[in-house]
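So the structure is just underneath, and the comments pick up after that.
Source: prediction; values computed, not measured.
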Amino acid sequence: MLLIVVCVGGALWWAASAQGRVPVLAIARPVGIGHVLEPADVHQVEISAADGVATISSYQAATVLGKPMATSLTAGALLTPGSLGPSTIPAAGQAVVAVGLKAGQFPLELAPGAPVLVVLATASSPTTSLPVAQGSGDGSTWAATVTGVAKAESDQTTVISLQLPSATAPTLARVPAGQVTLVMLAGGER
């Protein structure tokens with residue numbers, strides 16, 4: 001009798017947990033902006049999703065393969081219609097600048113999407129002048145958002161892509177190597 005109760009209970013639990021689950025596409029390995037989706041980039045997962053949650057059914061896999069990524073996604077993230085298409089970076093009125101930094105010039109926890117403060121080091125020589133950062137109070141900082149982090153294989157430099165206002169991007173691009181440090185900020189703090 002106990003065995004029958006356990007079996008019926010198990011069958012009911014299994015039916016309830018499997019009910020409402022749908023097969024959707026998830027990212028199998030990290031992909032960056034502009035990456036063209038390949039079969040190895042996606043895999044099927046089953047989820048229970050509420051109405052209005054944007055997902056792509058695993059039955060639509062053939063329609064997304066060969067399309068570029070509009071955003072960067074990490075392994076395990078669900079693929080959504082908004083994550084495909086033309087790049088959403090940089091946003092209107094924004095530009096992306098790459099800075100090469102050494103260890104100690106940026107936090108190890110830095111990842112795409114992190115809000116940062118770009119700080120210019122003071123000149124070591126009185127004859128060296130630094131460019132003035134437009135829009136900052138003291139001329140030595142900019143608010144930016146990290147859009148990419150890539151460690152160079154040949155040396156100890158890490159290239160970090162920063163999105164900031166178009167008006168200040170050329171000024172940051174002219175800052176000599178070694179004179180920039182990044183400070184990672186909390187959430188939306190600027």
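Scanning all heavy atoms of the two residues, the minimum distance from Val149 to Ala111 falls at CG2-CA, 4.4 Å. Closest heavy-atom contact between Gln44 and Pro23: NE2-CB, 3.5 Å. Contact record, Ser166 with Ala95: OG-N, 3.8 Å, taken as the closest heavy-atom pair. Residues Ser72 and Gly32 share a closest heavy-atom pair of OG-CA, 3.5 Å. The two residues Ala143 and Pro165 make their nearest non-hydrogen contact at O-CD, 4.2 Å. The shortest non-hydrogen separation linking Ala28 to Ala75 is O-CB, 3.7 Å.
A donor-acceptor pair is defined here as one N or O able to donate and one able to accept, closer than 3.5 Å; such a pair exists between the side chain of Gln105 and the backbone of Val180. Judged by distance alone, the side chain of Thr55 and the main-chain N or O of Thr80 form no donor-acceptor pair under 3.5 Å. Under a 3.5 Å cut-off, the side chain of Gln179 and the backbone N or O of Pro176 do not form any donor-acceptor pair.
Separating the CG atom in Leu162 from the CG atom in Leu110 is a distance of 8.0 Å, to the nearest 0.5 Å. With values rounded to the nearest 0.5 angstrom, Gln94 atom CD is found 10.5 Å from Thr147 atom OG1. The CD1 atom of Ile160 sits 4.5 Å away from atom CG of Leu101, with the distance rounded to the nearest 0.5 Å. Rounding to the nearest 0.5 angstrom, the gap separating the CG atom in Leu79 from the CG atom in Leu84 is 5.0 Å. Within the model, atoms OG1 of Thr74 and CD1 of Ile27 stand 8.5 Å from one another, a figure rounded to the nearest 0.5 Å. For the atom pair CZ of Phe106 and OG1 of Thr181, the computed distance is 11.0 Å after rounding to the nearest 0.5 Å.
Side-chain heavy atoms closer than 4.5 Å link hydrophobic residues (I, L, V, M, F, W, Y) into clusters, and following such links, even through other members, never connects Tyr59 to Leu25. Note on Ile56 and Val24: separate hydrophobic clusters, where clusters join Ile, Leu, Val, Met, Phe, Trp and Tyr whose side-chain heavy atoms are under 4.5 Å apart, directly or indirectly. A continuous path of ILVMFWY side-chain contacts below 4.5 Å connects Val22 to Leu78, so both sit in one hydrophobic cluster. Val45 and Leu73 fall into different hydrophobic clusters, where Ile, Leu, Val, Met, Phe, Trp and Tyr residues are linked whenever their side-chain heavy atoms come under 4.5 Å apart, directly or through other members.
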Test side chain to side chain contact (heavy atoms under 4.5 Å, CB included) applied to Leu65 and Val36, step by step: CA-CA 8 Å; Leu65 297 178; Val36 176; over 6 Å; no

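The only option from Leu117, Thr141, Val116 that meets the side-chain contact (heavy atoms from CB on, under 4.5 Å) definition with Val183 turns out to be Leu117. When each of Val118, Val119, Val97 is paired with Trp142, the side-chain contact (heavy atoms from CB on, under 4.5 Å) condition holds for Val118 and for no other.
Annotation: side chain of Pro68 is not in contact with side chain of His35 (no heavy-atom distance under 4.5 Å).
The salt bridge (charged side-chain N to carboxylate O under 4.0 Å, His left out) analysis of residues 35-45, with sequence neighbours excluded, yields the pairs Arg29-Glu38, Arg29-Asp41.
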